[in-house]
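Numbering starts at 1 and runs along the sequence shown.
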Amino acid sequence: AGAIVELRLEFDADFKIEIPEDLEVCLAQEDGLLEHFFSLVKSHQNYFISWLNTAKTEPTRTKRLIMIVDAMAKKYDFGLMIRSNREKSK
């Protein structure tokens, strides 16, 4: 019927997020944006970075950089940024 499984979770203190240089430069140009980005939990930082890095063209990457900078200025999380931009495009 059902097997017993033992599961152990560990905190990964060495988990590091590598911020792309272009994102770091853009966020550093305005006071508080880079600090706000780094105040997000690492998994949320990773949402933004992964989304940026999956852009297939340079114009798409640029558009996403602008959206991320705007989201940090508005103190949006990733989900709120995506939802607010979907509403704008309707």
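Considering only residues two or more places apart in sequence or on other chains, V41 meets the side-chain contact (heavy atoms from CB on, under 4.5 Å) condition with S43, H44. Every residue two or more places apart in sequence or in another chain was checked for a ring-ring contact (aromatic ring centres under 6.0 Å, His included) with H36, and none qualifies.
Taking OH of Y47 as the start and CD1 of I82 as the end, the distance is 12.0 Å to the nearest 0.5 Å. Note that the CD1 atom of I66 and the CG atom of N85 stand 11.0 Å from one another [nearest 0.5 Å].
Between L65 and L23, the shortest heavy-atom distance links the atoms CD2-CA, 3.6 Å. Across every non-hydrogen atom of F48 and D77, the tightest pair is CZ-C, 3.7 Å. Taking every heavy atom of both residues into account, F38 and Q45 meet most closely at O-NE2, 3.3 Å.
When the side chains of ILVMFWY residues are joined at heavy-atom separations under 4.5 Å, either directly or via intervening members, V25 and F37 end up in two distinct hydrophobic clusters.
Residue pairs meeting the side chain to side chain donor-acceptor pair (under 3.5 Å) criterion with at least one partner in residues 53-71, sequence neighbours excluded, are D22-R61, N53-R61, T54-R64, T57-T60, D70-K74.
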side-chain contact (heavy atoms from CB on, under 4.5 Å) between M72 and L34: does it pass, once the steps are laid out? CA-CA 8 Å; M72 292 302 102; L34 193 58; over 6 Å; no
Practice task
For W51 and M81, run side-chain contact (heavy atoms from CB on, under 4.5 Å): C-alpha distance rounded to whole Å, both residues' side-chain angles, the deciding distance at 0.1 Å, then the answer.
Solution key: CA-CA 12 Å; W51 182 66; M81 177 194 70; 3.5 Å; yes
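Ion pair E6/R8 not flagged as a salt bridge, since none of the NZ, NE, NH1 or NH2 atoms sits closer than 4.0 Å to an Asp/Glu carboxylate oxygen.
Although no hydrogens or angles enter the test, the distance criterion places a donor-acceptor pair under 3.5 Å between the side chain of E35 and the main chain of G32.
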